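The structure under discussion appears below in the form of structure tokens.
Computed from a predicted model, the values in this text were never measured in an experiment.
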Amino acid sequence: MTNEQATRRYFSVLIPGGVLFLGLSYGLKLAGSAALLPETVLGGAALVPAALLVGMFWAHWRYINEIDEFLRSIQIKAAFVGLTVVMTIATAWGYVELYVEAPALSIYWLNPIYWLTYAVAAVTITRRYGDAS
């Protein structure tokens, strides 16, 4: 499989999964604030976006395994940067909440922070080392 085919296949899962994830997340937020669903149903429905997220990570895993070594290196470095940022924010804010009267940071935000950081890192690393595709 070529890098272009792997990228096309990756985005054919990632983009619809991301759109569904955002749509369902927003719909659940509206349903929760308007009390349209019982709490137990809402709690169960909240697992659906998480399942979509697992699918998006699976697509990313498959993509990393299908591209060449150079692009794989860029992807792994970018994922590591994203994880480093997320873990640092979660740990630092956890300590701040322990010792200071600080507002709670919802762990929900760690997911978009990861993907945003990963994307910026992937673009930055690609520009630094060049793109082999």
query: Okay, side chain of Q5, backbone of T2: is any donor-acceptor separation there less than 3.5 Å?
result: yes
- prompt: Of the non-hydrogen atoms in A31 and L42, which two are nearest, and what is the gap between them?
  reply: CB-CD1, 4.2 Å
- line: What one should report as the nearest heavy-atom pair of V96 and A102 is CG1-CB, 3.7 Å
- line: When rounded to the nearest 0.5 Å, the distance separating CZ of R128 from NZ of K77 is 8.5 Å
- prompt: So, W93 side chain and P103 main chain: donor-acceptor pair closer than 3.5 Å or not?
  reply: yes
- prompt: Relative to the ring of F57, is the ring of Y114 parallel (under 30°), tilted (30 to 60°) or perpendicular (over 60°)?
  reply: tilted
- request: Looking only at non-hydrogen atoms, find the nearest pair between L28 and P49 and report the distance.
  value: CD1-CG, 3.7 Å
- request: Measure the spacing between CD1 of I74 and CZ of R127 and express it to the nearest 0.5 Å.
  value: 12.5 Å
message: Quick check against the 3.5 Å criterion: does T126 have a side-chain atom that pairs as donor or acceptor with the backbone of A122?
response: yes
- request: Find out if a path of hydrophobic residues (ILVMFWY) with successive side-chain heavy-atom gaps under 4.5 Å connects L83 to L53.
  value: yes
task: Can you measure from OG1 (T84) to CZ (F80) and round to the nearest 0.5 angstrom?
output: 4.0 Å
query: Looking at L116, L110, V120, T117, which hits side chain to side chain contact (heavy atoms under 4.5 Å, CB included) with V85?
result: T117
message: Are L14 and L22 connected into the same hydrophobic cluster when the rule is that any two of I, L, V, M, F, W, Y join if their side-chain heavy atoms are below 4.5 Å apart?
response: yes
message: Would you say that more than 12 heavy atoms from the other residues, nucleotides or ligands in this model lie under 6.0 Å from the CD1 of I76, or not?
response: yes
message: Applying side chain to side chain donor-acceptor pair (under 3.5 Å) as the test, list every pair that has at least one member in residues 42-60; sequence neighbours left out.
response: H60-Q75, H60-Y118
task: Give the cluster check for L47 versus L20: same hydrophobic cluster or not, with ILVMFWY residues linked at side-chain heavy-atom distances below 4.5 Å.
output: no
- prompt: Mind checking whether P112 and W115 have side chains closer than 4.5 Å, heavy atoms only?
  reply: no
- line: Heavy atoms of G55 and V13 approach each other most closely as O-CG1, 4.2 Å
query: Which residue pairs pass the side chain to side chain donor-acceptor pair (under 3.5 Å) test with at least one member in residues 8-32, sequence neighbours excluded?
result: R9-E66
query: Same hydrophobic cluster for V100 and L98, using side-chain heavy-atom links shorter than 4.5 Å among ILVMFWY?
result: yes
task: Enter the distance from F70:CZ to Y129:OH here, rounded to the nearest 0.5 Å.
output: 9.0 Å
- prompt: salt bridge (charged side-chain N to carboxylate O under 4.0 Å, His left out): which pairs involve residues 110-126, sequence neighbours left out?
  reply: none
- line: In short, A78 meets I125 closest at the heavy-atom pair N-CD1, 3.9 Å
query: Shared ILVMFWY cluster between I64 and V86, side chains joined below 4.5 angstrom?
result: no
- prompt: Counting distance only, does the side-chain N/O of N3 pair as donor-acceptor with the main-chain N or O of L71 below 3.5 Å?
  reply: no
